[in-house]
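Here's the structure we're looking at; comments come further down.
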Amino acid sequence: MSEKVLQYDKPSLQGILTIPGDKSVSHRSVMFGAIAKGKTTVDGFLLGEDCLSTIDCFRKLGVKIDVEGTNVSIDSPGIDGWQEPSEVLYTGNSGTTTRLMLGILAGSNVHTVMTGDASIGKRPMRRVIDPLRQMGTHITGRANGQYTPLAIQGTTLRAIDYHMPVASAQVKSAILLAGLRAEGTTIVRETEISRDHTERMLRQFGAKVDEVDGVISIQGGQTLTGTHVSVPGDISSAAFFLVAGAICEGSKIMLKNVGINPTRDGIIEVLQNMGAAMTLMPNEDTQSEPTATITIETSALKGTTIEGDIIPRLIDEIPILALLATQAHGKTIIKDAEELKVKETDRITAVVDELKKLGANIEATEDGMIIEGPTPLRGASLKTYGDHRIGMMGAVAALITDGAVTLDDADCIAVSYPPFFEHIEVVK
């Protein structure tokens with residue numbers, strides 16, 4: 001843990017940033033490249049700790065992976081050529097690595113043991129393991145597989161027809177990746193649409209995936225072929241500078257090559273609803289993921305209600321949206337966000353507790369929070385809970401506080417945004 005004291009004296013933010021690669025797409029580029037036969041090349045890869053954990057896991061399975069800057073090459077014999085690892089697969093703080101690996105390893109030919117850090121050890125895994133067990137998976141673990149460490153014996157799987165109880169791209173992806181190796185056609189039915197990076201990338205690697213009105217199906221027995229992946233900038237990371245640009249006086253920031261996948265663009269819609277001075281210029285030369293250059297300026301913001309089917313499209317952005325709401329005129333209500341309780345930490349409690357220390361008028365509810373604004377914020381000592389998004393929320397708050405903000409653990413931000421503090425210096 002590394003304490004960091006931040007005092008910026010309310011700067012005007014000006015400049016151009018290229019946001020680091022999308023974490024979700026970076027994870028999947030390595031996973032799919034390792035499943036596929038042949039060579040896969042990736043540019044724009046996120047060199048965050050979570051994504052490096054994914055690389056480490058596949059290296060232990062015998063996949064050759066080279067990293068040069070943000071370029072990654074994966075040379076794989078395909079999933080049937082993997083070696084049984086002699087070491088435990090360590091997923092660090094990465095829920096995406098842990099949960100998607102369960103679906104991948106379920107249909108492999110190897111036996112593995114997987115664990116993560118203390119935070120991963122508290123995050124629920126049965127939501128993934130229960131449908132995988134319906135497919136015939138052999139998984140054992142702490143509390144009957146509710147928590148890591150987990151042992152997975154790869155086996156022959158059977159297809160299932162699964163109704164998603166909650167919107168979760170991680171659960172959906174684990175089932176689809178297991179379905180790739182199952183006998184028959186695996187079907188996943190969503191009532192609320194979740195991130196579709198897995199479906200897009202499966203097609204990019206040559207698989208056939210059908211989707212009609214929230215019903216996704218994949219035929220088992222398909223093989224993937226190595227390809228090239230360009231990773232867009234992560235909109236969840238861009239969110240922190242979108243908010244910073246909107247709430248800091250006299251600011252104008254341009255963010256280049258930001259992914260605007262329609263299952264991830266909820267923050268764009270909320271910013272527009274709140275009156276943000278923002279423009280988007282879509283890029284034409286894209287692969288499976290749409291991108292745009294986004295410009296944000298200081299904005300006169302008004303409160304709003306964030307609820308319903310937009311929540312899965314911005315679940316990771318809610319901490320920074322709560323900070324934004326402290327500077328908007330009127331009341332902002334966030335609800336239907338119970339999923340925040342099982343993230344890296346209980347983000348409802350963490351966001352409310354830390355913003356209150358800064359002087360925010362904010363209250364927790366069972367499924368979200370209520371914020372009244374605008375409120376001047378003051379410096380304080382904040383806990384990050386080892387959660388990168390809480391840490392970045394506190395750092396952005398420091399741009400507008402009277403007095404310094406101290407983060408008890410700034411290192412956690414490297415999980416998703418290694419050059420975050422450098423980028424603050426670029427625009428301030």
Side-chain angles (χ1 to χ4, degrees), residues 6 8-19 233-260 264-282 291-307 310-311 313-334 351 355 358-362 368-378 389 392-402 405 417 420 423-428:
L6 305 169
Y8 295 113
D9 297 323
K10 301 184 179 179
S12 297
L13 306 181
Q14 304 285 333
I16 300 172
L17 295 175
T18 299
I19 299 298
D234 196 319
I235 194 167
S236 296
S237 296
F240 294 92
F241 284 97
L242 291 173
V243 168
I247 64 177
C248 292
E249 285 298 324
S251 296
K252 183 176 182 179
I253 309 174
M254 179 183 287
L255 308 177
K256 299 177 68 175
N257 193 42
V258 178
I260 53 168
R264 292 277 301 282
D265 66 353
I267 186 168
I268 302 296
E269 184 176 326
V270 168
L271 282 165
Q272 290 170 336
N273 290 342
M274 294 178 77
M278 178 179 59
T279 59
L280 278 78
M281 293 180 59
T291 63
T293 294
I294 306 176
T295 302
I296 188 83
E297 299 182 54
T298 306
S299 308
L301 302 165
K302 60 182 184 292
T304 190
T305 297
I306 305 169
E307 63 180 336
I310 198 173
I311 293 294
R313 291 166 48 210
L314 50 63
I315 192 71
D316 286 335
E317 289 75 77
I318 287 177
I320 195 61
L321 284 172
L323 173 64
L324 180 75
T326 70
Q327 304 306 301
H329 289 266
K331 181 183 293 185
T332 295
I333 301 170
I334 300 171
V351 167
L355 288 181
L358 300 173
N361 186 349
I362 181 169
M369 56 198 79
I370 299 171
I371 307 110
E372 293 272 2
T375 308
L377 301 183
R378 59 179 180 266
R389 302 202 195 277
M392 285 186 280
M393 178 194 74
V396 173
L399 293 166
I400 61 167
T401 54
D402 285 316
V405 169
Y417 204 145
F420 177 73
H423 281 187
I424 287 180
E425 293 300 319
V426 167
V427 295
K428 82 175 184 63

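Hydrogens, waters and symmetry mates are skipped; everything else that's a heavy atom, side chains included, is used. By convention here, the first residue in the shown sequence is residue 1.
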In chain order, what residues pass the side-chain hydrogen bond (donor to acceptor under 3.5 Å, both in side chains) check against Gln272, with sequence neighbours excluded? none
Going by the angle between their ring planes, with limits at 30° and 60°, are Phe241 and Phe420 parallel, tilted or perpendicular? tilted
Starting at CD1 of Ile253, measure out to SG of Cys248 and round the result to the nearest 0.5 Å. 7.5 Å
With salt bridge (Lys or Arg N to Asp or Glu O under 4.0 Å) as the rule and sequence neighbours excluded, what pairs involving residues 269-279 come up? Glu269-Arg313
Output the distance between atom CD1 (Ile306) and atom CD1 (Ile371), rounded to the nearest 0.5 Å. 7.0 Å
For the atom pair CG (Leu271) and OG1 (Thr304), what is the distance rounded to the nearest 0.5 Å? 10.5 Å
Look at Asp9 together with Lys428 and state whether they make a salt bridge at an N to O cut-off of under 4.0 Å. no
side-chain hydrogen bond (donor to acceptor under 3.5 Å, both in side chains) against Asn257, all qualifying residues, sequence neighbours excluded: none
Considering non-hydrogen atoms only, spot the tightest contact between Val405 and Gly394 and give its length. CG1-O, 3.8 Å
For the atom pair CG (Leu355) and CG (Asn361), what is the distance rounded to the nearest 0.5 Å? 11.0 Å
For residues 317-328, which residue pairs pass the side-chain hydrogen bond (donor to acceptor under 3.5 Å, both in side chains) check, not counting sequence neighbours? Ser236-Glu317
If you count heavy atoms of other groups shown closer than 6.0 angstrom to CE of Met278, is the number above 12? yes
Got a sec, which residues hit side-chain hydrogen bond (donor to acceptor under 3.5 Å, both in side chains) with Asn273, two or more places apart in sequence or on another chain? none
So Met369 and Ile318, do their side chains get closer than 4.5 Å, heavy atoms only? yes
Under the side-chain contact (heavy atoms from CB on, under 4.5 Å) test, which residues partner Glu249, sequence neighbours left out? Thr298
Keeping Thr293 on the side-chain end and Met281 on the backbone end, is there a donor-acceptor pair under 3.5 Å? no
